[in-house]
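Note sheet for the following structure.
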Number of protein chains: 2
Amino acid sequence: MPAATGRGGRVTISDVAARAGVDKAIVSRVVNDKAVSIRPETRERVLLAIRELGYRRNMAARSLRTASTGAVGLFIPDFANPVYAEIITGAETAALARGYVLMVGSSAGAGHRTKDYLEALGEGRVDGLLLAGGPISPAEQQTLDAQGVPWLLVNRRGRSTTRHVVLDDDRAAQVAVGHLLDLGHRRIAHVAGPAGADTARRRREGYRKALRAAGIEPEASLVAAADYTPAGGFEAASALLASGRPPTALFVANVASAIGVLTAVRERGLSVPDDISVVAVHDLPLAEHLVPALTTVRMPLRSLGARATELLLETDPRRPVAEVVRDPIDLVIRRSTARPPRRRR
Amino acid sequence: MPAATGRGGRVTISDVAARAGVDKAIVSRVVNDKAVSIRPETRERVLLAIRELGYRRNMAARSLRTASTGAVGLFIPDFANPVYAEIITGAETAALARGYVLMVGSSAGAGHRTKDYLEALGEGRVDGLLLAGGPISPAEQQTLDAQGVPWLLVNRRGRSTTRHVVLDDDRAAQVAVGHLLDLGHRRIAHVAGPAGADTARRRREGYRKALRAAGIEPEASLVAAADYTPAGGFEAASALLASGRPPTALFVANVASAIGVLTAVRERGLSVPDDISVVAVHDLPLAEHLVPALTTVRMPLRSLGARATELLLETDPRRPVAEVVRDPIDLVIRRSTARPPRRRR
DNA sequence: CTGAAAGCGCTTACAG
DNA sequence: CTGAAAGCGCTTACAG
């Protein structure tokens, strides 16, 4: 691109050194604020020259020399899912606090070229890569390893790998289902996440545990898998409500699907919460503006992003990591849950 | 971080050259697929060596030599705003198609350190920067210029600068208001965007134009500024509805605020669309799942992201750019708009 | 068609 | 406290 040309006249460390009448090693030390002692007077001269010339250090040269970039990558499946917004914000704050920049990419725009994208990131653009949510194939994982890029799975566990940070999805599900049980529900269905999703697996697990703890044997017919999208939730809920013995409550694995669930209930001429109670995982800003305002389980998504960044940057990339962020999981009771209806429909 | 050490044993172009029994210049030419002719036999040998050794080129070295990075940056105010998800996806696709990677950052996690963040990006991490939406201060702009980083404003116009791509927000507003006028509304209020936002300004402009074209003089009391958030929409709509002569229709500048607008109407005991019609800008997936399903104006957000990337990469960064993406703007009629109520409230 | 050499802009032991 | 030199891994005119 034409831009490259424009940078030809760039100010380098040598220009600064010449102007300040010192060696460029001195300039480097001043710029990097090394512990090495430099005469205050000399430092001032260098600083002045830097200001006068508008010097900026060149990351490429620095990276080449130090074999590090000062950047952390975060790869997510889709920017449209607001859950990631929270994770990103947490990671961004943590990265900046440690003097790194965070660079986010997704496979949404990359399509089937995710591997190429990861490869490009691995060519030394980042010092490490956080892989959130989406499916990473073994081939992709190998690519990263071959490139020597440290990585860490975020919000999902790997098949054969043990480098991940997750939330306590199991407990979140138990909190949600526990709330429904407390209200007196016994026939509780689950709009689960997609079959492949690790978060979905753990939430389903928690759902079953909570039921069993209350002496209720989980029924397979009361679980319907759905994408983490409104459309997915709509279909799954429609199917569950059309069954012979419909549930009185739905535990939904994700806010996005809950949006579709509410529509499905309404379209069947039923009311939330009078006929059906609904509770979902993740307390996004949106939840309180749905109709009715949605009861949710708040998960520490920002902490997850922050902790992941921390672990990526501060642990040996060759050692296993399997951490569950234990920050509080809160039940946020709004209008979508109530006692079950008296008479059987 | 420990990772850097691990990369010490990295395979370089010299290793490949030695293995293939050629000069490293040859390896470079093969890797970069230069038009230079190389004997097929030699090429094969090099390719084999690359595979055997698992060679990956080092971007830092390449960047230093060529003064370009193969990366484009996109800076947005907040990942939580789904409007940006569409822009990002468009930009990502366009960047990848041109052999670049897109790296997204936001000021949400950066807080007041946006300038530091931009500076870090400008240290030669990207070949150009797309600045979407958020406020970029003159100081920040100067920083980028001083660093010689080409930039382009996306979805907003700058104060003194003319390097931007925007959508036709003016026309979007006219489409929305025109729809309300066609339905017979005469008293149409506007839940506008935040005072500083350029998109807000242009939508307000379109709103006024549409009214005037219908022979209606716009009233300042019928316009209320709001953040592009549910909470902002809630407050603005509440104020508008509390006035002595309330409107029969609301043109809302943004889907996020429309969510709050619907809540506000409901809390006043009014019904959408029987008492109040609501139409909003941006047709996000969410819109059809609101209650009632929201009538919207669909804007070509992906095209905007794609076109911005194209312009950034393919035009001279020292020349002005002021483009309006002219892709179709569509009215998507759902359940939130209807004819005005017969009798005056 | 291939090779040898210079040099991109830094950082960092090492020597003074 | 400061300086001179080597070298990180590439690409690219230039020469053969």
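Each chain gets a letter, A, B and so on, in the order its sequence line appears, and its residues count up from 1.
- Here the side chain of B:Ala25 is nearest to one of C:dG9, D:dT12, C:dT12, namely D:dT12.
- The nucleotide whose nearest atom lies closest to any side-chain atom of B:Arg39 is, among C:dC10, C:dC1, D:dA4, C:dC1.
- C:dT12 atom C1' lies 12 Å from atom CD1 of A:Ile26, rounded to whole Å.
- Searching all strands for a Watson-Crick or G-U wobble partner of D:dA4 with both distances below 3.5 Å returns nothing.
- Taking atom CZ of B:Arg125 as the reference point, atom P of C:dC10 lies 14 Å away to the nearest angstrom.
- For B:Lys24, the side-chain atoms get nearest to C:dA6 when compared with the rest of C:dT2, D:dG9, C:dA6.
- The CG-C1' distance, from A:Asp15 to C:dC8, rounds to 13 Å in whole Å.
- What separates CD1 of B:Ile13 from C1' of C:dA5 is a distance of 14 Å, to the nearest Å.
- Of the candidate nucleotides D:dA4, C:dG3, D:dG9, D:dA4 has the atom lying nearest to any side-chain atom of A:Asp23.
- At whole-Å resolution of the value, CZ in A:Arg62 and C1' in D:dG9 are 17 Å apart.
- Comparing A:Thr12 and B:Gly21, the nucleotide of DNA chain C nearest to each residue sits closer to the 5' end for B:Gly21.
- Taking side-chain N and O atoms only, A:Asn32 has a distance below 4.0 Å to OP1 or OP2 of C:dT11.
- A donor-acceptor pair is defined here as one N or O able to donate and one able to accept, closer than 3.5 Å; no such pair exists between the side chain of A:Arg56 and the backbone of B:Gly124.
- The shortest distance between side-chain heavy atoms of A:Thr12 and A:Asp15 falls below 4.5 Å.
- Computed from coordinates, the B:Arg57 CZ to D:dT12 P distance equals 11 Å when rounded to whole Å.
- When only modelled atom types and interatomic distance are considered, A:Tyr228 and A:Thr199 share a side-chain donor-acceptor pair under 3.5 Å.
- Along DNA chain C, the nucleotide nearest B:Arg65 and the nucleotide nearest A:Tyr55 are compared for position; the residue whose nucleotide lies closer to the 5' end is B:Arg65.
- With hydrogens and angles ignored, a donor-acceptor pair closer than 3.5 Å exists between the side chain of B:Arg29 and the base of C:dG3.
- The CG atom of B:Leu64 sits 4 Å away from the C1' atom of C:dC8 (whole-angstrom rounding).
- Using a 4.0 Å heavy-atom cutoff across all strands shown, B:Thr42 reaches sugar-phosphate atoms only and no base atom.
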Next item on the list: Apply side chain to side chain donor-acceptor pair (under 3.5 Å) to the pair A:Ser106 and A:Asp78, showing each step before the final yes or no.
Entry: CA-CA 6 Å; A:Ser106 92; A:Asp78 188 1; 5.6 Å; no

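- Using a 4.5 Å heavy-atom cutoff, the side chains of A:Arg125 and B:Arg125 are not in contact.
- Distance, A:Leu53 CG to C:dG9 P: 14 Å, rounded to whole Å.
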